[in-house]
Amino acid sequence: MECINKFFIANDKLVKIDEFSEYVSEGIKLYEVVRVIEGIPLFLEDHIKRFHSSSEKSGKELFVSDDDIKKSIKRLIKENNCYMGNIKLVFCYSDMKYFLCYFIEHSYPTQEMYLNGVRTVSYKAARPDPEVKAINESLRSQISKILKEKADVYEVLLLNSDNEITEGSKSNVLFIKGNRIISAPMKTILKGITRERVMEICRELGFETEERMVNKEELHEFEAAFLTGTSPKVLPISYIDDVKFDTRNKILLKIKEKYEEIIQENIDFAKQNDL
């Protein structure tokens with residue numbers, strides 16, 4: 001059971017965790033995972049905006065208002081007395097409709113991982129609709145099996161039928177070549193909240209950004225590569241399969257530092273404005 005702590009929220013009802021299995025059902029599920037630091041849900045407006053995008057593209061209506069989503073998150077944090085972690089928000093469409101809000105287990109990179117980078121492997125797979133953030137049980141099962149078999153691997157990078165890297169199973173991947181940061185085109189990947197912020201940072205810092213497909217055969221041409229996501233934030237990659245990358249690349253370190261500054265600014269602003 002992925003729900004943790006004492007309580008979760010189903011629609012607008014506070015429920016004890018031992019009843020969570022009653023709300024697990026088949027059917028389409030649109031979801032977001034929001035990181036909470038110091039009691040502040042980071043970039044919440046961006047997550048809600050992506051919910052609406054997934055809703056539009058999937059044809060599934062969001063039956064809870066934006067304000068009620070925010071209220072549920074605040075209530076969940078308060079009732080569980082938990083001010084750090086990951087909260088999962090799920091719109092479930094089965095025989096009955098449920099909006100679920102609950103804490104999940106999180107695994108944040110260690111300081112050593114941020115310093116030395118993490119290993120990744122490539123795997124030929126694709127999301128049915130990368131622009132919709134929906135739970136894909138089949139793909140999740142395949143990825144879990146790979147990660148269990150390869151204990152030293154942090155993330156699995158998805159390859160399309162042309163042997164091009166699209167994204168990670170739970171993150172986006174970007175590459176650095178000279179003064180240029182390359183990412184897969186938006187239409188081929190899930191629109192990552194962290195990725196969007198990072199691309200903005202790159203432009204602000206004067207780096208060139210490019211959206212194009214990267215073939216596995218050209219990996220050796222890049223100096224550095226990194227993951228972006230809710231849990232990893234900006235995380236250097238040490239290896240993709242057997243290709244090694246520079247985890248102390250100066251551009252990468254500048255991007256990582258600036259992103260940490262933006263997180264702190266987001267927290268400070270939310271506290272000052274009681275958001």
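No experiment lies behind these values; they were computed from the predicted model shown. Position 1 is the first residue of the sequence; numbering continues from there.
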Decide yes or no on side-chain contact (heavy atoms from CB on, under 4.5 Å) for Leu235 and Tyr154, but give the supporting numbers first. CA-CA 11 Å; Leu235 181 62; Tyr154 179 85; 3.6 Å; yes
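- Distance alone, capped at 3.5 Å, places no donor-acceptor pair between the Tyr259 side chain and the Thr194 backbone.
- Looking at residues two or more places apart in sequence or on another chain, you find a ring pair (Phe, Tyr, Trp, His ring centres under 6.0 Å) between Tyr98 and Tyr23.
- Residues passing the side chain to side chain contact (heavy atoms under 4.5 Å, CB included) test with Lys71 are Asp68, sequence neighbours excluded.
- Judged as a salt bridge (Lys or Arg N to Asp or Glu O under 4.0 Å), the pairs with a partner in residues 227-241 (not counting sequence neighbours) are, in order, Lys216-Asp241, Lys233-Glu260.
- Between the side chain of Ser141 and the backbone N or O of Ser138, no donor-acceptor pair lies under 3.5 Å.
- Taking the side chain to side chain donor-acceptor pair (under 3.5 Å) definition, one finds that His52 meets it with Asp66, sequence neighbours left out.
- For Glu223, there are no salt bridge (charged side-chain N to carboxylate O under 4.0 Å, His left out) partners two or more places apart in sequence or in a different chain.
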Working for side chain to side chain donor-acceptor pair (under 3.5 Å), residues Ser144 and Lys148: CA-CA 6 Å; Ser144 295; Lys148 187 177 291 187; over 6 Å; no
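- Within the structure, the side chain to side chain donor-acceptor pair (under 3.5 Å) test picks out the following pairs touching residues 168-183 (sequence neighbours left out): Glu155-Ser169, Glu155-Ser171, Lys177-Glu221, Arg180-Glu208, Arg180-Glu210, Ser183-Arg195.
- The ring pair (Phe, Tyr, Trp, His ring centres under 6.0 Å) search around Phe51 returns Phe91, not counting sequence neighbours.
- Look at Glu257 and Lys254 and you find no salt bridge, because none of the NZ, NE, NH1 or NH2 atoms lies under 4.0 Å from a carboxylate O.
- For the 3.5 Å distance criterion, the side chains of Gln272 and Asp268 fail to qualify, holding no donor opposite an acceptor.
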Using side-chain contact (heavy atoms from CB on, under 4.5 Å), reason through Lys150 and Asp152 one step at a time and then give a plain yes or no. CA-CA 6 Å; Lys150 300 177 182 292; Asp152 62 336; 4.2 Å; yes
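- A heavy-atom distance below 4.5 Å is not found between the side chains of Phe222 and Val243.
- When the side chain to side chain contact (heavy atoms under 4.5 Å, CB included) test is applied to Ser231, the partners found at least two apart in sequence or on another chain are Asn86, Tyr108.
- Under the 4.5 Å side-chain criterion, counting only non-hydrogen atoms from C-beta, Ile193 is not in contact with Thr230.
- The existence of a salt bridge linking Glu32 and Lys88 is excluded, since no basic side-chain nitrogen approaches an acidic carboxylate oxygen closer than 4.0 Å.
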Side-chain donor-acceptor contacts of residues 5-17 below 3.5 Å, not counting sequence neighbours, with atom names and distances?
| from | atom 1 | to | atom 2 | distance (Å) |
| --- | --- | --- | --- | --- |
| Asn11 | OD1 | Phe99 | N | 2.8 |

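- Between Lys70 and Glu45, at least one side-chain nitrogen of the basic residue sits less than 4.0 Å from a carboxylate oxygen of the acidic one, meeting the salt-bridge criterion.
- With sequence neighbours excluded, no residue satisfies salt bridge (charged side-chain N to carboxylate O under 4.0 Å, His left out) with Asp242.
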Chi angles and distances behind the side-chain contact (heavy atoms from CB on, under 4.5 Å) call for Leu30, Val90: CA-CA 6 Å; Leu30 304 182; Val90 187; over 6 Å; no
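- Formation of a donor-acceptor pair under 3.5 Å by the Ser58 side chain with backbone atoms of Ser54 is found in this model.
- With sequence neighbours excluded, no residue forms a salt bridge (charged side-chain N to carboxylate O under 4.0 Å, His left out) with Glu164.
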Please assess Tyr31 against Leu100 for the test side-chain contact (heavy atoms from CB on, under 4.5 Å), listing each intermediate value before the final yes or no. CA-CA 9 Å; Tyr31 77 102; Leu100 302 177; over 6 Å; no
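- Residues Leu252 and Ile176 form a side-chain contact, since some pair of their non-hydrogen atoms from C-beta on lies under 4.5 Å apart.
- In this structure a side-chain-to-backbone donor-acceptor pair under 3.5 Å is missing from Asn215 to Glu218.
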Let me check something: any side-chain donor-acceptor pairs from residues 112-120 under 3.5 Å, sequence neighbours excluded? List them with distances.
| from | atom 1 | to | atom 2 | distance (Å) |
| --- | --- | --- | --- | --- |
| Tyr114 | OH | Pro232 | O | 2.8 |
| Thr120 | OG1 | Tyr239 | O | 2.9 |

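- The one candidate from Ile201, Leu42, Ile267 that meets the side chain to side chain contact (heavy atoms under 4.5 Å, CB included) condition with Ile262 is Ile201.
- Counting only distance, with no hydrogens or angles, the side chain of Asn80 and the backbone of Cys82 share no donor-acceptor pair below 3.5 Å.
- Side-chain N or O atoms of Glu167 include one that pairs as donor or acceptor with a backbone N or O of Leu190 at under 3.5 Å.
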